[in-house]
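Scroll down for the structure; my scribbles are underneath it.
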Protein chains: 2
Amino acid sequence: MGNKLYHHGDLRNSLIEAGIELINQEGVKRFSLRKVSALCGVSQAAPYSHFQSKEDLLKAMQDYVTEQFMADLERSIQSYTNQNDPGVLVQMGKSYVMFFINHPHYFHFLFSQPCMTVNLSIEGDAAENFQPFELLRTTALRVFEKDKLSKEIIEDTIIALWATVHGLASIATMKNVHYDKDWETKIEDIIWNK
Amino acid sequence: MGNKLYHHGDLRNSLIEAGIELINQEGVKRFSLRKVSALCGVSQAAPYSHFQSKEDLLKAMQDYVTEQFMADLERSIQSYTNQNDPGVLVQMGKSYVMFFINHPHYFHFLFSQPCMTVNLSIEGDAAENFQPFELLRTTALRVFEKDKLSKEIIEDTIIALWATVHGLASIATMKNVHYDKDWETKIEDIIWNK
DNA sequence: GTATAATCTTAACAATGTTAAGATTGGAGG
DNA sequence: CCTCCAATCTTAACATTGTTAAGATTATAC
């Protein structure tokens with residue numbers, strides 16, 4: 001009765017988004033299921049209708065962000081005319097930075113929390129790695145295929161490209177650094193001059 | 001009265017060592033002050049006579065291992081005749097691996113727990129880095145000084161050397177890989193052939 | 001030998017993850 | 001429209017945890 005519904009309607013996503021906010025404000029250390037429940041105006045045990053455990057919610061939070069990020073990057077790549085042209089890397093790099101300019105809280109959530117496991121290894125099992133990094137890597141490998149470069153140089157170039165783009169995202173999402181319409185051209189310039 | 005002493009005698013170190021054992025067996029997630037206290041045959045609040053908090057004990061556990069490791073490495077370096085000879089790096093590498101062959105549980109404690117913060121960056125703040133890594137780095141810089149190599153090549157060589165040595169330690173401390181008297185010569189060969 | 005500081009114990013508190021049992025509700029099938 | 005069922009949510013409770021307070025015990029300095 002009234003405006004208080006027994007059924008929340010979209011509790012699963014609300015818990016995920018409130019969880020990200022909570023971690024950004026208090027850190028993963030002070031994150032708790034009960035606090036997230038309270039933020040969603042819901043009882044302490046409500047999350048257990050959607051998640052098996054606290055760890056399960058945390059994993060879902062990571063997947064939630066990563067999936068949006070991946071969808072954005074894949075859309076960006078496929079919208080480019082020539083998939084083998086180096087320009088596709090610049091296009092992807094722009095999207096990489098832009099995604100976090102549009103969602104700065106996602107950047108802090110993913111990369112500023114020591115226990116949010118984001119694997120970034122070249123040699124290790126690719127399947128366990130941060131998916132956006134692997135997407136950048138396979139895209140770059142396709143672009144560089146025709147160039148007959150040594151494996152080492154290619155891998156180093158990929159790391160350099162990723163570092164540039166990730167660094168830009170890190171700077172752009174810092175507090176007091178505001179979005180500027182010149183950012184897009186800024187990003188293009190920096191990546192091209194690599 | 002009897003053999004049960006009111007004063008433990010060496011509780012601080014016992015807590016640290018029992019804590020390392022507990023983390024190796026159950027993981028940092030299931031580590032708790034009360035369990036460590038029980039393992040030491042002491043009441044739940046006893047740790048607070050030696051540590052301010054759980055975090056404080058965890059930090060002390062890391063420092064405890066790192067200090068022993070550093071002392072070992074420094075002794076190894078200083079025992080070598082010529083501090084500028086490349087051989088000092090081999091000597092140090094041998095000690096690096098040997099330390100963890102002699103203390104395999106320290107390796108797992110330091111490197112297999114996601115929340116044990118071990119920084120290993122080249123560009124970042126050196127003071128925040130894993131001290132043994134910085135020691136290897138400064139030693140290598142001294143050895144390579146006369147060679148007039150580019151900074152990039154030197155840094156890459158340092159990474160390669162560290163990776164070799166650390167990888168050997170990782171393999172050597174795996175279960176079912178037992179210490180063998182040939183390990184020392186094995187290590188020498190692998191590092192020299194780099 | 002006594003005062004004092006260090007060390008340890010017991011007891012309690014609030015916060016947390018998790019489960020059990022039951023209430024409420026939306027929607028499918030009659 | 002009505003009924004039944006599964007999904008969703010609530011309340012209540014439990015064990016575990018970090019931490020503090022108050023006091024007991026012991027080592028050590030004087």
Side-chain angles (χ1 to χ4, degrees), chain A residues 1-64 109 113-117, chain B residues 1-64 109 113-117:
Chain A
M1 58 199 74
N3 51 1
K4 264 286 183 63
L5 300 172
Y6 197 95
H7 280 27
H8 181 284
D10 193 25
L11 183 58
R12 200 191 133 90
N13 283 323
S14 294
L15 287 169
I16 287 173
E17 284 165 4
I20 291 170
E21 285 303 312
L22 181 59
I23 283 197
N24 274 337
Q25 283 170 14
E26 306 203 5
V28 74
K29 186 83 199 174
R30 296 178 186 266
F31 171 85
S32 85
L33 279 181
R34 295 167 112 105
K35 283 183 192 165
V36 183
S37 300
L39 286 172
C40 293
V42 118
S43 82
Q44 59 198 228
Y48 287 89
S49 294
H50 301 274
F51 306 100
Q52 298 189 38
S53 66
K54 178 186 173 185
E55 295 307 314
D56 195 33
L57 170 55
L58 281 169
K59 189 176 181 320
M61 286 158 62
Q62 281 195 94
D63 291 346
Y64 177 83
F109 166 70
Q113 297 300 329
C115 288
M116 296 287 124
T117 56
Chain B
M1 57 198 75
N3 50 2
K4 263 287 182 61
L5 300 172
Y6 198 94
H7 278 29
H8 181 283
D10 193 25
L11 183 56
R12 200 191 133 90
N13 283 322
S14 295
L15 287 168
I16 287 173
E17 283 166 5
I20 291 170
E21 285 304 312
L22 181 59
I23 281 196
N24 273 337
Q25 283 171 15
E26 306 204 5
V28 74
K29 186 80 200 176
R30 296 178 187 268
F31 170 86
S32 84
L33 280 181
R34 295 167 112 105
K35 284 182 192 165
V36 183
S37 300
L39 286 172
C40 293
V42 117
S43 81
Q44 59 198 228
Y48 287 89
S49 295
H50 301 275
F51 306 100
Q52 298 189 37
S53 65
K54 179 188 174 184
E55 295 307 314
D56 195 33
L57 170 57
L58 282 168
K59 189 177 181 319
M61 286 158 63
Q62 280 195 96
D63 291 347
Y64 177 83
F109 166 70
Q113 296 300 329
C115 287
M116 296 285 125
T117 56

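Just so you know, these numbers use all the heavy atoms, side chains as well, and skip hydrogens, waters and symmetry mates. Letters go in sequence order (proteins before strands), and every chain restarts at 1.
- A straight line from CG of A:L15 to P of D:dT8 spans 12 Å, rounded to a whole angstrom.
- A straight line from CZ of B:F31 to C1' of D:dG18 spans 12 Å, rounded to a whole angstrom.
- Note: B:D10 CG to B:E17 CD = 7.5 Å, rounded to the nearest 0.5 Å.
- Listed candidates were C:dA20, D:dT8, C:dC8. Nearest to the side chain of B:V42 is C:dC8.
- Side-chain proximity of B:A46 to D:dG18, D:dC9, C:dC8: nearest is C:dC8.
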Could you give the side-chain donor-acceptor pairs of residues 32-41 of chain B under 3.5 Å, partners two or more places apart or in another chain?
| residue | atom | partner | partner atom | Å |
| --- | --- | --- | --- | --- |
| B:S32 | OG | B:K35 | N | 3.1 |
| B:R34 | NH2 | B:Q44 | OE1 | 3.4 |
| B:K35 | NZ | B:E26 | OE1 | 3.2 |
| B:K35 | NZ | B:R30 | O | 2.9 |
| B:S37 | OG | B:L33 | O | 2.9 |

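- Atom CG of A:L11 and atom P of C:dG26 are 15 Å apart (whole Å).
- For A:K35, counting side-chain heavy atoms from C-beta on, the closest listed nucleotide (C:dT16, D:dT19, C:dC8) is C:dT16.
- Here B:S43 lies in heavy-atom contact (under 4.0 Å) with a base.
- Rounded to whole angstrom, the span from the OH atom of A:Y48 across to the C1' atom of C:dA21 amounts to 16 Å.
- Looking at the side chain of B:R34, the nearest of the listed nucleotides D:dG18, C:dT19, D:dA21 is D:dG18.
- The side chain of A:S53 has C:dT18 as its nearest neighbour among D:dT19, C:dT19, C:dT18.
- The base of C:dA15 does not come close enough to the side chain of A:Q44 for any donor and acceptor atom to sit less than 3.5 Å apart.
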Checklist entry - Would A:M61 and A:F31 satisfy side chain to side chain contact (heavy atoms under 4.5 Å, CB included), going step by step from the backbone distance to the final call? => result CA-CA 12 Å; A:M61 286 158 62; A:F31 171 85; 4.1 Å; yes

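- As a whole-Å value, the separation of B:L58 CG from D:dT17 P is 14 Å.
- Ranking C:dT9, C:dG17, D:dT19 by closeness to the B:K54 side chain, first place goes to D:dT19.
- The interatomic distance linking B:L33 (CG) with D:dG18 (P) rounds to 5 Å, in whole Å.
- Within 4.0 Å of B:S49, counting heavy atoms only, lies at least one base atom of the nucleic acid.
- Scanning for salt bridge (charged side-chain N to carboxylate O under 4.0 Å, His left out) contacts around A:D63 gives A:K59, with sequence neighbours left out.
- Of the candidates D:dG18, C:dC8, D:dC9, the closest approach to any side-chain atom of A:H50 belongs to D:dC9.
- Spacing between atom CZ of B:R30 and atom C1' of C:dG17 amounts to 12 Å, rounded to whole angstrom units.
- To the nearest angstrom, P of C:dT7 lies 11 Å from CZ of B:F51.
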Checklist entry - Yes or no on side chain to side chain contact (heavy atoms under 4.5 Å, CB included) for A:F109 and A:E21, after CA distance, side-chain angles and deciding distance? => result CA-CA 8 Å; A:F109 166 70; A:E21 285 303 312; over 6 Å; no

